[in-house]
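Below is one structure, written out as structure tokens, with a few remarks after it.
Protein chains get the first letters and strands the later ones, always in sequence-line order, with residue 1 at the start of each.
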Amino acid sequence: MSNDHHHPPAPMVEEVSDFEVLEMAVRELAIEKGLFSADDHRRWTEYVHTLGPLPAARLVAKAWLDPEYKKLAVRDGVKASLDVGVDWINSPPTGFGTPSDYCNLRVLEDTPTVKHVVVCTLCSCYPRPILGQSPEWYRTPNYRRRLVRWPRQVLAEFGLQLDPDIEIRVADSNQKTRYIVLPVRPEGTDGWSEDQLAEIVTRDCLIGVAMPRPGITANAQRPVRPAVRPVHHDH
Amino acid sequence: MSQSTREQVMRHLETVTYLQPALHKPQQAPYPDEIDHALYRAYTRSAHDVGGEADVPIRWEEKQEEQWELNTFATCECLAWRGVWNAEERRRRQNVDLGQTQYLGLPYYGRWLLTAARILVDKQHVTLTELVNKIDEVKGRYEQG
Amino acid sequence: MSKVEHDLTHHAKKATGIGDPQCFRGEAGPAKFKVGDRVRVRNLPDLFYTRSQVYTRGAVGTVTEAVYESPAAEDEAWDNTDKPEWFYSIVFRQKELWPDYPDLYANDTVETELSERWLEPA
């Protein structure tokens with residue numbers, strides 16, 4: 001982490017934020033008091049570095065190719081996650097799941113007449129173990145206020161215009177279940193391999209604000225707010 | 001150079017003048033008979049419960065993560081891993097207990113961080129004296145370069 | 001100094017190798033509602049904390065699943081895990097939640113989870 005890359009010389013007082021000072025103070029005190037160890041913190045950080053949307057994309061690709069696996073995914077998301085390398089209970093360093101994400105994944109199956117989209121109106125609950133860290137826009141009060149009541153307007157802002165006869169189902173992730181969307185397999189993907197299919201299942205498709213399309217392998221281009229001292233993820 | 005302490009105090013008093021509760025009233029701390037059921041519910045609301053509130057479209061953006069934000073997330077999860085709190089206690093404290101002004105006014109992980117500091121004191125793992133001294137000490141490291 | 005002693009390992013002991021909410025399975029007794037039941041969300045006082053959104057209060061929805069047993073958020077938020085209850089996934093028509101929702105999109109829905117204390121037969 002902080003040792004792997006170049007750091008500027010020790011910053012002047014204006015250059016360190018109040019959050020950085022407080023973060024260091026809290027972490028050091030917690031370790032000094034034995035509430036957790038420096039090694040716990042390092043292991044957790046390393047665990048977070050392994051996370052991202054690829055396992056969820058692979059789950060969708062497998063479900064498109066294998067009807068039996070799709071049934072399993074819809075019935076028992078936690079069990080189906082094992083086939084894409086995610087053990088909700090034992091992959092995190094705790095051995096009892098991540099404290100904030102729990103162990104109850106539900107895979108929401110879209111059909112030609114039902115489109116799912118996920119929000120957490122109360123905070124920003126998100127299936128980190130299989131999808132990584134949530135995007136900033138997902139955490140905004142704006143998205144949380146509006147998606148649950150004006151989903152068609154919000155989806156249009158994300159570039160999705162849906163016919164009136166399609167049911168939009170908003171999943172409000174408010175308790176211990178975490179959701180990913182299993183979109184409809186798009187036209188033009190006949191004969192594709194699991195790897196090819198997984199490439200077009202972007203994070204945004206898995207949240208439900210985008211639909212997979214052949215040739216589209218990244219989230220829509222959006223402005224990126226740069227960090228002052230960014231985390232460098234290896235993947 | 002850094003502002004002098006007195007300059008900071010004056011600037012602070014000016015900033016907080018603009019921080020207002022959700023309902024603007026000329027006289028604050030009202031008489032009890034002025035609080036009907038609707039106002040009681042509004043003032044005691046949980047700040048996190050925003051679903052269905054009207055808002056205008058904004059530009060959807062991505063954000064790079066700050067190192068301290070990832071560290072804060074790891075600290076909060078380690079505190080839960082080792083039983084200092086559970087995730088629901090954390091959410092209650094960082095999304096509701098802190099009140100609407102801080103809820104809407106601070107960055108996402110800023111709330112996580114303040115809550116992590118608070119739990120150490122509230123559950124008597126650390127005295128506030130120790131916390132304040134530690135913050136002052138860390139600040140001093142940067143000031144000395 | 002008087003310091004309250006907490007057993008910091010109580011959750012790890014219960015959930016290690018099992019997971020949460022799996023570790024509360026079988027502790028809530030029989031589920032009061034079943035798939036397909038029409039339920040109304042009670043307008044309980046929402047002082048201090050809840051995860052049952054205000055926008056659901058008084059609305060009628062349909063149970064799609066009894067999903068798991070867990071302490072209610074209102075209790076777990078103070079680390080009280082003594083009384084798990086059933087949680088249900090409930091689907092509401094948007095039109096039921098928001099009277100101004102356009103008739104053109106009458107099929108649109110919201111699905112969310114509520115614990116048993118919040119529900120009564122509709």
Side-chain angles (χ1 to χ4, degrees), chain A residues 1-2 9-14 16-17 19-30 33 35-36 40-41 44-45 48 93-94 98-100 102 119 121-124 133 135-137 139-146 148-149 153 157-158 172 219 222-231, chain B residues 1-2 46 48-82 84-87 90-91 94-95 104 107-110 113-114 116-117 120 125-126 130-131 134-135 137-139 141-145:
Chain A
M1 281 197 347
S2 56
M12 301 294 288
V13 67
E14 291 95 341
V16 62
S17 72
F19 299 119
E20 287 169 307
V21 169
L22 184 58
E23 187 281 314
M24 199 174 290
V26 169
R27 176 162 41 95
E28 287 183 10
L29 275 175
K33 296 288 177 181
L35 299 177
F36 57 78
D40 289 347
H41 198 275
W44 196 277
T45 305
V48 175
T94 57
T98 67
S100 294
Y102 310 103
V119 65
T121 61
L122 297 173
C123 41
S124 54
Q133 299 281 63
E136 186 72 9
W137 53 259
R139 303 165 176 170
T140 60
N142 191 290
Y143 179 80
R144 295 162 40 214
R145 285 177 178 132
R146 294 166 65 224
V148 74
R149 183 169 180 181
Q153 286 89 331
E157 291 162 26
F158 278 90
D172 186 352
N219 298 316
R222 299 187 188 101
V224 179
R225 177 84 178 185
V228 177
R229 272 176 280 278
V231 172
Chain B
M1 280 309 295
S2 64
S46 297
H48 67 164
D49 192 359
V50 301
E53 293 178 8
D55 208 342
V56 295
I58 59 170
R59 190 170 72 164
W60 302 117
E61 295 180 345
E62 308 286 340
K63 176 181 158 303
Q64 278 187 331
E65 191 170 34
E66 298 281 358
Q67 187 65 56
W68 72 263
E69 293 178 313
L70 176 58
N71 283 345
T72 296
F73 175 60
T75 290
C76 288
E77 291 296 77
C78 285
L79 287 172
W81 175 8
R82 299 305 183 191
V84 175
W85 61 10
N86 68 52
R90 174 181 61 69
R91 293 190 189 100
Q94 88 186 25
N95 300 333
L104 295 176
Y108 177 75
Y109 275 117
L113 176 58
L114 279 165
L120 300 187
H125 297 294
V126 166
E130 287 174 303
L131 176 62
K134 175 62 98 172
I135 293 169
E137 180 214 316
V138 172
K139 214 179 256 181
R141 288 182 216 162
Y142 282 94
E143 282 167 5
Q144 287 155 19

*Considering non-hydrogen atoms only, spot the tightest contact between A/E136 and B/E61 and give its length.*
CB-O, 4.2 Å

*asked:* Between A/Y102 and chain B, with a heavy-atom cut-off of 4.5 Å, which part of the residue counts as in contact: side chain, backbone, both or neither?
replied: side chain

*What are the two closest heavy atoms between B/W68 and A/E20, and how far apart are they?*
CD1-CG, 3.5 Å

_Over 60° means perpendicular and under 30° means parallel, so tell me whether A/W137 and B/W60 are parallel, tilted or perpendicular._
perpendicular

_I need the minimum non-hydrogen distance between B/A80 and A/P99, along with the two atoms involved._
CB-CB, 3.4 Å

*Between B/E69, B/H125, B/E77, B/Q94, which shows the greatest number of heavy-atom pairs under 4.5 Å with chain A?*
B/E77

*Determine yes or no for a side-chain-to-main-chain donor-acceptor pair under 3.5 angstrom, with B/E62 supplying the side chain and A/P135 the backbone.*
no

*asked:* If we define contacts as heavy-atom pairs under 4.5 Å, which of A/P226, A/A25, A/P223 has the most with chain B?
replied: A/P223

*asked:* B/F73 vs A/Q133, test: side-chain contact (heavy atoms from CB on, under 4.5 Å). Steps then yes/no.
replied: CA-CA 10 Å; B/F73 175 60; A/Q133 299 281 63; 3.7 Å; yes

*Contact part of B/D49 toward chain A, heavy-atom cut-off under 4.5 Å: side chain, backbone, both or neither?*
both

*Where is the tightest heavy-atom contact between B/V50 and A/P141, given as atom of each residue plus distance?*
CG2-O, 4.2 Å

*Apply side-chain contact (heavy atoms from CB on, under 4.5 Å) to B/E130 and list each qualifying residue two or more places apart in sequence or on a separate chain.*
A/K33, B/V126, B/T127

*Among A/D172, A/V148, A/T98, A/V26, which has the most heavy-atom pairs under 4.5 Å with chain B?*
A/V26

*Are any non-hydrogen side-chain atoms of B/N95 and A/L122 less than 4.5 angstrom apart?*
no

*Determine yes or no for a side-chain-to-main-chain donor-acceptor pair under 3.5 angstrom, with A/R149 supplying the side chain and B/G52 the backbone.*
yes

*Which heavy atom of B/Q64 sits nearest a heavy atom of A/P230, and at what distance?*
OE1-CB, 3.8 Å

_I want to check something: taking the side chain as every heavy atom from C-beta on, are A/R229 and B/E66 in contact at a cut-off of under 4.5 Å?_
yes

*asked:* Rounded at 0.5 Å granularity, tell me how far CD1 in B/I135 sits from CD in A/E28.
replied: 11.5 Å

*So do the side chains of A/W44 and B/T75 get within less than 4.5 Å of each other, counting heavy atoms only?*
no

*Give, as side chain, backbone, both or neither, the part of B/L131 having an atom under 4.5 angstrom from any heavy atom of chain A.*
both

*Would you check if the side chain of A/H41 reaches a backbone N or O of B/A74 as a donor-acceptor pair within less than 3.5 Å?*
no

_I need the residue from B/V138, B/T72, B/L113, B/L79 with the largest number of non-hydrogen atom pairs under 4.5 Å to chain A._
B/L113

_Check whether A/N142 reaches the backbone of B/V56 with its side chain - one donor and one acceptor, N or O, closer than 3.5 Å._
yes

*Indicate yes or no for a side-chain donor-acceptor contact from A/R144 to the backbone of B/H48 under 3.5 Å, with no hydrogens or angles considered.*
yes

*Over all heavy atoms of both residues, which pair between A/E157 and B/I58 is shortest? Give the atoms and the distance, please.*
OE1-O, 4.4 Å

*Could you state the interatomic distance from NZ (B/K63) to CZ (A/R225), rounded to the nearest 0.5 Å?*
9.0 Å

*Side-chain contact test, heavy atoms from C-beta onward, threshold under 4.5 Å: evaluate it for B/C78 versus A/R27 and give yes or no.*
no

*asked:* Whether the side chain of B/R91 engages the backbone of A/S100 through a donor-acceptor N/O pair (distance < 3.5 Å, no angle test) should be reported.
replied: yes

_Can you confirm whether A/L35 sits close enough to B/R82 that some side-chain heavy atom of one is under 4.5 Å from a side-chain heavy atom of the other?_
no

*Apply side-chain contact (heavy atoms from CB on, under 4.5 Å) to A/S124 and list each qualifying residue two or more places apart in sequence or on a separate chain.*
A/Y138, A/R139, B/Y108

